[in-house]
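Below is one structure, written out as structure tokens, with a few remarks after it.
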Amino acid sequence: MKQEQWCVRVPVKEGEPMRRQLISDGVLDTSLKPARDGAFLLFPVTEPTRATERWECEAHAKAIPLPRHDLVGGIAIMQDDDVHEAEMLLASRPSIHTVLFAETPVSGEYRTRGFRVLAGEPVTATECTEYGMRLRIDLEAAYFSARLANERQRIVSLMEEGERVCDMFAGVGPFAIALAEKAGIVIAGDINPGAVLLMEQNIRLNRRKNIIPMLADARHLAEYLATGSFDRIIMNLPMSPVPFFGTAVRLVRPGGTIHLYAMQEREGEYREMIEAYPCTIRGEYQVRSYSPTQHHAVYDITRTNGSE
Ligand code: SAM
């Protein structure tokens, strides 16, 4: 559709400097496309501040707002159960192969969700990349959240070369694989066989040679792993970390670090529980907000020399 507007006329070869000038003056009318008249360009402007003339310009096609969604690899997860909007989302980017609607919240011991396919390929599996790491995931089979990507890098930045690490709730392996870059060895356990299967694939995909994946209940880790032998423990089971904290304290060496993730409503909610053990809290940070009342926090904890 064409629309008449004030326009600045310039020879084509002076087009780019003029465009920049009009942007910096804040007067370029971005709702309309520049017009061409022989050897001249006509830039639409919002006010007739310099030598201007009236000219008809083509309007830019209005960007249609996309429905709200989370993107994990090639899968878009929509918050609304709307097939029409899902088709629109699918068409918006060639990298999206499937649009899902989450039918259930994250739940159960495996922390998974139920999905329904709204558009595209009928799958819940995809591959995503995070800071150069490739991860095969299956959203229905095992937990994965791309929102912890920066947090994983924060932990890598705290590490010394050659550390012995234990990831007690490893899922498909994002922490274990990221930390293995610096670690000497990473023991990575999960109770969900589907998660451990994907973790094994991801270890191969990223050519890591220093991760031992384990199908294991974290409650029993201190029965088969050497206690007091780990430099760093990752505890990412934020909905219920308390029953497992004693095991983490037994596994870590005095002076070693535990990163305890917890869903909390107020700052310091877990301090008392942590300080009942021979532990010092070095820091407490908000990783991301989870709901209007809860946030995903991490406590960086040092094991002291005292006995349990
Ligand atoms: N660390 C992974 C990540 O960041 O993607 C996964 C975290 S997810 C919130 C928690 C994981 O703990 C799930 O994969 C679940 O299967 C596992 N899990 C739950 N209870 C467990 C237990 N008792 N022992 C070992 N793993 C457990």
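Each ligand, and each atom within it, is numbered from 1 in the order the structure gives.
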Numbered atoms of ligand 1 (with element) below 4.0 Å of Phe244, judged on heavy atoms: 23 (N)
Of the protein's non-hydrogen atoms, which lies at the shortest distance from atom 19 (C) of ligand 1, and what is that distance? Glu109 O, 3.1 Å
In the protein, which heavy atom is nearest to atom 6 (C) of ligand 1, and how far is it? Phe169 O, 3.4 Å
For Leu225 and Leu251, which heavy atoms make the closest approach, and how far apart are they? CB-CD2, 3.9 Å
Counting only N and O atoms by type, is there a donor-acceptor contact under 3.5 Å from the side chain of Asp190 to the main-chain atoms of Gly171? yes
Please list the nearest protein heavy atom to atom 5 (O) of ligand 1 with its residue and the distance rounded to 0.1 Å. Pro174 CG, 3.4 Å
Looking only at protein heavy atoms, identify the closest one to atom 24 (N) of ligand 1 and say how far it is in Å. Ala218 N, 2.8 Å
Ionic contact status for Glu284 with Arg271, cut-off 4.0 Å: yes
Hey, is Gly189 one of the residues with a heavy atom under 4.0 angstrom from ligand 1? no
Please state which part of Ala216 comes within less than 4.0 Å of ligand 1, counting heavy atoms only: side chain, backbone, both or neither. backbone
Are Met239 and ligand 1 in contact, using a heavy-atom cut-off of under 4.0 Å? no
Close-contact set for ligand 1 against Leu237 heavy atoms, below 4.0 Å: 10 (C), 12 (O), 19 (C)
Please test Thr30 against His60 for side-chain hydrogen bond (donor to acceptor under 3.5 Å, both in side chains), starting from the C-alpha separation and ending with a verdict. CA-CA 8 Å; Thr30 51; His60 277 294; over 6 Å; no
Is the Tyr299-Phe245 ring centre distance short of 6.0 angstrom? no
May I have the step-by-step check of salt bridge (Lys or Arg N to Asp or Glu O under 4.0 Å) for Glu53 and Arg9, ending in yes or no? CA-CA 8 Å; Glu53 59 191 280; Arg9 179 182 285 268; 2.8 Å; yes
Atom 26 (N) of ligand 1 has as its nearest protein heavy atom Ile191 N, 3.2 Å
At under 4.0 Å between heavy atoms, what of Asn236 touches ligand 1? The answer is both
Side chain Ser289, main chain His295, donor-acceptor under 3.5 Å: no
Can you tell me the protein heavy atom closest to atom 8 (S) of ligand 1 and the distance? Tyr143 CD2, 3.3 Å
Close approach of Ala142 to ligand 1, heavy atoms, under 4.0 angstrom: no
Below 4.0 angstrom from a heavy atom of Asn192, which ligand 1 atoms are there? Numbered from 1 as shown, please. 16 (O)
Show which atoms of ligand 1 fall inside a sub-4.0 Å distance from at least one heavy-atom site of Arg219. 23 (N)
Do Arg111 and Tyr143 form a cation-pi contact, if we require the NZ or CZ to be under 6.0 Å from the six-membered ring centre and within 45 degrees of the ring's axis? no
Can Tyr261 be said to touch ligand 1, with heavy atoms closer than 4.0 Å? no
Please determine if Arg116 forms a cation-pi arrangement with Phe101, meaning its NZ or CZ atom is less than 6.0 Å from the six-membered ring centre and no more than 45° off the ring axis. no
Chi angles and distances behind the side-chain hydrogen bond (donor to acceptor under 3.5 Å, both in side chains) call for Asp138, Thr124: CA-CA 5 Å; Asp138 185 333; Thr124 52; 2.6 Å; yes
Shortest protein contact, atom 23 (N) of ligand 1 (heavy atom only): Asp217 OD1, 3.0 Å
With a heavy-atom distance limit of 4.0 Å, tell me whether Met168 approaches ligand 1 through its side chain, its backbone, both, or neither. backbone
Closest to atom 14 (O) of ligand 1 among protein heavy atoms sits Asp190 OD2, 2.7 Å
Region of Ala195 that comes within reach of ligand 1 [heavy atoms, distance under 4.0 Å]: neither
Decide yes or no for Arg154 and Asp300: does some side-chain heavy atom of the first lie under 4.5 Å from some side-chain heavy atom of the second? yes
Checking salt bridge (charged side-chain N to carboxylate O under 4.0 Å, His left out) against Asp231, which of Arg164, Arg253, Lys182 comes through? Arg253
Checking contacts here: is it the side chain or the backbone of Arg152 that comes within 4.0 Å of ligand 1, counting heavy atoms only? Could be both or neither. side chain
Please check this pair: side chain of Thr304 against backbone of Pro278, looking for a donor-acceptor N/O pair closer than 3.5 Å. yes
